[in-house]
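Quick note: residue numbers are just sequence positions, from 1. For ligands, and for the atoms within them, numbers begin at 1 and follow the listed sequence.
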Amino acid sequence: MRPQILFPLFANTDVLAGVGPKVAQNLEKLGARHVLDLLFMIPNTLVDRRSRPGIANAIDGQIASFEVEIEEHVPPPRRGLPYRVRAHDDTGFLTLAWFHGRPDYLLRQLPPGQKRIVSGKVERFSGEIQMLHPDYIVTPQDADEIPAIEPVYPMTQGLAAKTLRKAITGALERAPELDEWIDPGLLAAKGWPAWRDALMALHQPTDLHVLDEDNPARCRLAYDELLSRQLALAMVRAHRRSKPGMPLTGDGSKVQAILDAAPFTPTGAQTRVFAEIEADMAVPERMMRLLQGDVGSGKTFVAALAAARAVEAGGQCALMAPTEILARQHAHSLAPLLAAAGLKLGILTGRDKGKDRARILEQLKSGEIDVICGTHALFQEGVEFHNLALVIIDEQHRFGVSDRLRLTQKGARPDLLVMTATPIPRTLALAVYGDMDLSKLDEKPPGRTPVTTRVMPLDRLEDVISRIGKLIQDGGRAYWVCPLVEESDKVDLAAAEDRYHDLKARFGDRIGLIHGRMPAPEKERLSQAFKNGDIQILVATTVVEVGMDVPEASVMVIEQAERFGLAQLHQLRGRVGRSSQTSACLLLYKPPLGEIARKRLETLRNTDDGFLIAETDWKLRGMGDLLGMRQSGLPRNRFARLESDTDLLETANTQARMIAQSDPDLSSKRGTALRQLLYLFEQDQAVRLLSSG
Ligand code: ADP
Ligand code: MG
């Protein structure tokens, strides 16, 4: 249960003065449903209104405030001209101007002969000093209604800046003083303010540096945020340790059978990583391991070995993929290996219904199926395992910590292996996978041909199409990827469909279109047809990003490549170059290409090293985009900037681990404060772990 002291912060915003249903609705558009969300809304910029230069000394383009005497109102002489009000101070004359000004209102605000303080942006032209649409007009008695330094927040239509600021002020008034959760030594060493003071500094700034990277108030809030996440991860980890799983060992026969059946020798990296996994599985402590390996580094083979190990130990293995197509792809590539070891393989996805599903469920429950590939459907209500010993999740970046938690609650505390093809810089790994151990497949299997990457403008489309034409004649295979541009499936689909029809008009039946909204059986049919060559050009939205393994495909065309994340492009490119024939990746962009976009595409052209690509992308675009848009398991940060707050993150990680050791139930006084911190940043699931013991 949430501590009572936080209740005022979790009330809906409409408890605040000046916030009715309409305003509340607009606030929600900005992501603020609760009072707390307002406190956590960060100003974009600060406006300095302290300058009181006197009219004559005002600088063009600057924000300034003047105490003026109003002279006269001058309605617009004709349409299209502004309504003007003339005013002066001791130094000179000022014209206030409004387009579409309402005379009655302005007359009330600015009665001739009276004094007012006005604040806004000054413009000077042809000798005249003007202020168009002043931001503030107040009487001299109300001078302090104009903030000296004004925070400017993100805006949404229909919500006045003033209303938002007022709501935030109201939120600050409701913010309780909370007991300190930061280690006192650390707090003193850093010179950080208390939580509430930090929020005050942010929303009612007294200096212009509060948004700076090294500002103590900002750092404190960023640290709070990072600490809450790291603590949650540390709790998950500690919880896992407190409840041992089963030690999985075996006689090695099934693992050996797979090694014998493989048409290749494992790479050094595969052998090393499997040894790490084997060691984890052998001890009673539950495995939580993240396996990172670039596209094509051979993760699936490692998964097969781990599955065989689990079965040797008398358990079952579930392999979960983010999409149905990928689940089937996995099953397909695992089948020969597992068969050689005498393991029974099953598939379960959302598509399996009725009798089929019932049969699979029965076989899972009885233990007849050893290894099951599937989607989320694997972990739904009604799915029971005989003895689930190992869960493998592919393409982890689509799952968050809470999913991870839920998944491993199934069965008798199975070991967990997460596989991802996204190379993750250390900071990010810490932020998202702080509770996991890390293995890397840093060596590619031999026999792959480097892919030639070319970057070209869209007006070279004809060249590309004729190249594809030749490829078709020679019996080759190509992917043609159309981007998710509009963030609406519908519009994007239309673009992909257009391209499909274009190409179809040129090349006839040997073209297929595959996209995310397509029913799964249809998708599977198409990918199968592409595999066996009935279809030679597969036009696709990004569904081919993961999983497709068609060695015959040697060309990857990506339209509007500048729209994709580099990691995503790298993944897509990894779909070709899977055989001995020479392969190409053609990145088509829509000019003009900005500086950063050009650098990004160049990076891709110059290197095939996934880690280097990820680091570069990260530096060029910032962390959020690295994992490809919003599906990433990456938490949305309000205060912390992962690209630059590396030190804070490291400190938070160390502190969190210390806390998890010294006060695992958060029962000390500081522990109680830390629980509040967890609630503030919505890490409730971690608190629940505490109460469940
Ligand atoms: P990932 O899942 O990491 O992208 P896969 O496991 O799909 O990579 O492997 C890509 C291809 O490489 C598959 O066709 C697989 O059979 C092959 N492969 C895996 N390991 C090796 C190896 N050690 N030597 C040669 N080929 C391998
Ligand atoms: Mg794979």
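- When non-hydrogen atoms are compared, ligand 1 lies under 4.0 Å from the backbone of P266 (N, CA, C, O) but not from its side chain.
- Checked against a 3.5 angstrom limit, the closest N/O atoms of G296 and ligand 1 fall inside it.
- Residue contact check for ligand 1: T265 places a non-hydrogen atom closer than 4.0 Å to it.
- Contact annotation: for D294 versus ligand 1, heavy atoms closer than 4.0 Å belong to the backbone alone.
- Below 4.0 Å from some heavy atom of T267 lie the following atoms of ligand 1, by number and element: 23 (N).
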Counting only pairs under 3.5 Å, give me each side-chain donor-acceptor contact of residues 334-348, with atom names and distances, residues two or more places apart or in other chains.
none

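- Residues meeting the side chain to side chain donor-acceptor pair (under 3.5 Å) test with E276, sequence neighbours left out: S439.
- Residue-environment remark: CG (D474) exceeds the threshold of 12 foreign heavy atoms within 6.0 Å.
- For ligand 1, the atoms closer than 4.0 angstrom to any heavy atom of T300 are 2 (O), 5 (P), 6 (O), 7 (O).
- At least one N/O-N/O distance between G298 and ligand 1 falls below 3.5 Å.
- In this structure, of P445, G574, G268, the residue bringing a heavy atom nearest to atom 25 (C) of ligand 1 is P445.
- Proximity of M419 to ligand 1, defined as any heavy-atom pair under 4.0 Å, is not found for any part of the residue.
- Crowding of R598 atom CZ: a count of heavy atoms from other residues, nucleotides or ligands under 6.0 Å exceeding 12.
- The pair K599-E602 does not meet the salt-bridge criterion, since no charged nitrogen lies less than 4.0 angstrom from a carboxylate oxygen.
- Between D608 and K444, at least one side-chain N (NZ, or NE/NH1/NH2) sits under 4.0 Å from a carboxylate O, which counts as a salt bridge.
- Counting heavy atoms from C-beta on, the side chains of E443 and R272 never come closer than 4.5 Å.
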